[in-house]
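All ligand and atom numbering here is 1-based and tracks the order in the structure. All of these numbers come straight from a predicted model, not from anything done at the bench.
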Amino acid sequence: MSTTVPSVTLNNGVRMPQLGFGVFQVPDQETAAAVTTALEAGYRSIDTAAIYGNERGVGQALAASGLPREELFVTTKLWNADQGYDATLRAFDDSLDRLGLEQVDLYLIHWPAPGRDRYLDSWRAIERLAAEGRIRAAGVSNFQPAHLTRLLEHSALVPAVNQIELHPALQQAELRAFHAAHGIATEAWSPLAQGAVLDDPAITAIAERTGRSAAQVVLRWHLQLGNLVIPKSVTPARIRQNLDVLDFALTDEELAAIAATDRGLRTGPHPDELD
Ligand code: NDP
């Protein structure tokens with residue numbers, strides 16, 4: 001199995017592994033074991049968030065791995081209740097403390113939370129953290145085109161990444177086009193739709209042809225689209241399997257067959273509606 005994960009060069013020149021490991025809904029006590037398995041398998045990018053309550057577990061695994069800091073890429077996120085200029089600075093310090101790090105590679109505003117109307121203030125704090133070198137890249141998550149447009153009107157710092165729900169059943173054509181036009185990298189959360197796309201006949205047919213699992217086919221589709229992708233699993237065999245997608249390719253016909261499976265399915269909240 002080839003484990004050389006390609007990297008994506010973000011709009012500020014920082015390189016980010018295209019395929020990483022997500023830890024949403026993993027209890028803190030189980031997180032260190034899952035992340036250790038992932039690091040042993042060859043993942044170098046880990047995606048957590050303050051609200052997941054498992055930054056400590058992530059930090060323990062990173063420290064125990066003995067891997068040089070510069071080989072790791074760590075993403076965490078600002079929770080909605082901590083939006084605002086001062087609150088963001090405090091929340092960032094708390095995340096660093098729990099992670100046991102002095103810098104994060106990517107810091108994201110987790111949701112726009114439009115009802116709070118604080119994301120411009122939060123972004124100003126993130127600009128400061130970036131200027132101070134405490135974050136290598138700044139981004140957002142769950143921003144719709146209107147939220148991105150407003151951010152771009154108020155700041156010269158273009159988000160490096162927008163992390164959004166994206167999988168074959170929710171392909172996000174409009175946002176992907178917006179990102180491409182503005183130099184924002186698209187990162188897919190729930191890339192497997194939490195399992196909901198794995199029995200789609202178009203996908204299982206490709207799995208049969210390639211001798212791969214449905215999850216591997218879906219992850220390969222993300223990579224060929226150019227998405228950053230962060231599948232989650234606590235199952236060691238799946239953690240390894242999800243990284244073993246670097247040595248096969250889907251044909252144009254197969255990509256088209258998956259393109260036809262979009263059905264607007266959200267597994268999570270609509271970004272306009274979560275505050
Ligand atoms: P995923 O789409 O990654 O799916 C995870 C589910 O799929 C788990 O139930 C897992 O089971 C199962 N699974 C994983 N690999 C396989 C496989 N090879 N075969 C069959 N089943 C498999 O969902 P997530 O919602 O966890 O999304 C991934 C990451 O995205 C999160 O962990 C988080 O880091 C990020 N995220 C960000 C959000 C945001 O708002 N920014 C929102 C949601 C997620 P098991 O673990 O039991 O093996």
Can you list the other members of the hydrophobic cluster that holds F73, where links are side-chain heavy atoms under 4.5 angstrom apart? V8, L10, V14, M16, L106, L108, V161, L228
For the pair D244 and R238, find out whether any cationic side-chain nitrogen is under 4.0 Å from an anionic carboxylate oxygen. no
Got a sec: does the CD of E132 have more than 12 other heavy atoms crowding it under 6.0 Å? yes
Within the supplied structure, the quantity of interest is the number of heavy atoms (other residues, nucleotides, ligands) at a distance under 6.0 Å from R69 CZ; does it exceed 12? yes
So which protein residues pack against ligand 1 under 4.0 Å, heavy atoms counted? G22, V23, F24, D47, Y52, K77, H110, W111, S141, N142, Q163, W189, S190, P191, L192, A193, Q194, L198, A215, I230, P231, K232, S233, V234, T235, R238, Q241, N242
What pairs meet the side chain to side chain donor-acceptor pair (under 3.5 Å) rule with one or both residues in residues 192-204, with sequence neighbours excluded? none
Which residue pairs pass the salt bridge (charged side-chain N to carboxylate O under 4.0 Å, His left out) test with at least one member in residues 107-123, sequence neighbours excluded? D117-R150, D121-R124
